[in-house]
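Down below is the structure, laid out as structure tokens.
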Protein chains: 2
Amino acid sequence: MTITSFQIAELCGLSRGTVDRALNNRPGISPKTREKILKAAEELGYRPHFLAQSLVKGRTKTLGLVMFDVQNRIFAQLFHSFEAEARKQGFFVYLALSNKDPDLEIEYINNLLDRKVDGIALHSVNKGKEFEAYLHKARVPIVSFGNQISKQFPLVWINDKVAIKEAVSLIQAKGYQHILYVSPPLRYKGKSNIFGPEQRHKGFLEAVKEQAELSYTVITEKDFLAVIGHYLYLPHKKTAILCTSDMYALDVLKFLSSKKILVPEQVGVMGFDNIDTLNYVNPALTTIDYSVDDIGTTLVESLIRKQEGQKIPNLTTISHRIIVRDSI
Amino acid sequence: MTITSFQIAELCGLSRGTVDRALNNRPGISPKTREKILKAAEELGYRPHFLAQSLVKGRTKTLGLVMFDVQNRIFAQLFHSFEAEARKQGFFVYLALSNKDPDLEIEYINNLLDRKVDGIALHSVNKGKEFEAYLHKARVPIVSFGNQISKQFPLVWINDKVAIKEAVSLIQAKGYQHILYVSPPLRYKGKSNIFGPEQRHKGFLEAVKEQAELSYTVITEKDFLAVIGHYLYLPHKKTAILCTSDMYALDVLKFLSSKKILVPEQVGVMGFDNIDTLNYVNPALTTIDYSVDDIGTTLVESLIRKQEGQKIPNLTTISHRIIVRDSI
DNA sequence: CTGTTAGCGCCTTCAC
DNA sequence: GTGAAGGCGCTAACAG
């Protein structure tokens, strides 16, 4: 049998209204009866009914986090900080994994909305006017990360363009003459939201345009290793492989190792994200680091602020930096 | 403005009761009016209010998953399968990370209970009579994994004892004479719930007892690398390092590599869990594999079955197997 | 077949 | 300072 505020009221010979005042620290009640009520609540082991509270208040103290998956350590870390910050603020989080399936993503968002979450952080695969219109109908704050949805929705992320440009500069400075740019998501161009990868791609193209000496190949195949293998056997210039995620870079390193190709002696490799897995691989991977914890924390803060009616910036840029290690 | 079943009733000139029958496919309504209502609902874009529904039904279609963290890939994978299975069954999941903090774990469980989740899967750090009594008061199914709470609560996990025994057999068969057994959680003995590590430890002790030729050292220090370093410089027998988690094994491999100690030539190393990170490290780590996906799926199934009033097994053992690679 | 009623447990005016 | 009443949106039992 579950204890309701009514039981307390009965026990104390008071009304539910008064009990509520005591329980929620509201004025208009004598210290004495407040004491009495709180004591009774304590003794009965009273716990407010969250659903009933939410129903009447219209707020659930719950946030939704929708992202691709949690295979890539960077997103696991993101969740970690998101969850920690949410907890600090008294929120719980629904973690929904879309597996990059647009329909599933919509289904999840629908469900989160039905469940009246107070905000949604979204790494979207959907995009377009229709999707935007859909999101606009949602009555709760939505902030994005990774892929921008549109200028209408706040984005918390790094400056992908600049980051890649810096990577290219480094590669060029190290004397490389050719770059294999590995970004499989680009093959979804026009199909799903790949804002982030496209930003990086743009940055890349701008950078190589500025460096006339650099030639390049953009690899978007899912089986990028096969393509890389193909290029490496051609007579070539000093080549670096620039991967838009450490996950790809790890596969590349493994592949090169299996082909007995030395890194960085024969070919350079660079990653992106600085995931903690890199601690364990050889050679140490040069990559781009940023505080994914800041992203998680900022997402939560933005969501809560916006829900409280405050203005939040449309774009929050998290800083990044290149970490030079041994692979390039 | 949000659409309620009342709006539909008004629009159709019917009562909410009738509308409800149509919406929930219940008998006692003419096909014609049902049609009419469903059409109206469609047009208005009606969505049932989840909280109100849950409040009256007493079920929330939500599961809680409480675990240490998601740093260790094995738990990230576990969440993946848990979430996927939950979604299939129409459930959402609250993921709560205790960071191995007993108080935080309790706080989370309290919150989940307040939120009336339909079940909780728990990798507990708490234990003891008091904790059990506390959990028993919970009106929802609770199943455990990793660490058993007590015989009263179902456990879904592998047979840790047998797994370690098999590992020792392998090590012995490979001609090793000394084992450094690395299990830092053991130092929490008596303080927090380390059922899983203790099972492994027991299995280990039984196994070495059966193999008189094998000597061993149990390392429980947090800074286990320092201890390992110490032992390796002593005159010694052919030594293998048996780690109770791939995470430790990765650190060990890195440490040995930094000391220019060759694996397996100079010392053997073995892990536990077969996390996918192992794909990227050298030498390839010999480890113990099991289907963590099965664990996640089974946890969800058990929770739902139990909530539906069915009996569920007190112990579900997931099979494991040793994967021999290059490190031992 | 359909409408009415009484909750689920809590919060929030409005009177007294 | 306290009580009574209405409502959040939906469901379920009971009438008609």
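Each chain gets a letter, A, B and so on, in the order its sequence line appears, and its residues count up from 1.
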Starting from [atom2] on [N], measure out to [atom1] on [X] and report it in whole angstrom.
| X | N | atom1 | atom2 | result |
| --- | --- | --- | --- | --- |
| A:Asp20 | D:dA5 | CG | P | 17 Å |
| B:Phe6 | D:dG7 | CZ | P | 10 Å |
| A:Arg16 | D:dC8 | CZ | C1' | 13 Å |
| A:Glu10 | D:dA4 | CD | P | 13 Å |
| B:Lys57 | D:dA12 | NZ | P | 7 Å |
| A:Lys116 | D:dC10 | NZ | C1' | 12 Å |
| A:Ile37 | D:dG3 | CD1 | C1' | 12 Å |
| A:Leu55 | D:dC10 | CG | P | 9 Å |

Counting only side-chain N and O atoms of [X], is one of them less than 4.0 Å from OP1 or OP2 of [N]?
| X | N | result |
| --- | --- | --- |
| A:Arg34 | D:dG1 | no |
| A:Ser15 | D:dT2 | no |
| B:Gln53 | D:dG9 | no |
| A:Thr18 | D:dG3 | yes |

May I ask you to say what [X] touches in the nucleic acid, namely base, sugar-phosphate or nothing, with a heavy-atom cut-off under 4.0 Å?
| X | value |
| --- | --- |
| B:Tyr46 | sugar-phosphate |
| A:Leu14 | sugar-phosphate |
| B:Thr33 | sugar-phosphate |
| A:Ile29 | sugar-phosphate |

Qualifying residues under side chain to side chain contact (heavy atoms under 4.5 Å, CB included), relative to A:Phe6, sequence neighbours excluded: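 For A:Phe6 the side chain to side chain contact (heavy atoms under 4.5 Å, CB included) partners, ignoring immediate neighbours, are A:Thr4, A:Glu10, A:Arg16.
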
A:Gln53: side chain to side chain contact (heavy atoms under 4.5 Å, CB included) partners, not counting sequence neighbours: A:Pro48, A:Phe50

Base D:dG3 paired with A:Arg21 side chain (donor-acceptor, <3.5 Å):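 Per atom types, the contact qualifies.
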
Check: A:His136 ring centroid to A:Phe131 ring centroid under 6.0 Å: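 Judged by ring-centre distance (under 6.0 Å), A:His136 and A:Phe131 do not meet the cut-off.
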
B:Arg139 and A:Thr2 side chains, donor-acceptor separation under 3.5 Å: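 A:Thr2 vs B:Arg139: no donor-acceptor pair found between side chains.
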
No-hydrogen, no-angle side-chain donor-acceptor test under 3.5 Å, A:Thr297 and A:Glu85: no

B:Asp118 bridged to B:Arg59 by N-O distance under 4.0 Å: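 Salt bridge flag = no for B:Arg59 with B:Asp118.
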
Nucleotide range of DNA chain C lying under 4.0 Å from chain A heavy atoms: C:dG9 to C:dT12

Pair A:Asp114-A:Asn110, side chain to side chain donor-acceptor pair (under 3.5 Å): steps then yes or no: CA-CA 6 Å; A:Asp114 285 349; A:Asn110 271 330; over 6 Å; no

Whichever of B:Val56 and B:Pro27 has its nearest DNA chain C nucleotide further upstream toward 5':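 That would be B:Pro27.
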
Side-chain donor/acceptor of B:Asn193 to backbone N/O of B:Asn147, under 3.5 Å: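 Side chain of B:Asn193 to backbone of B:Asn147: no pair is present.
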
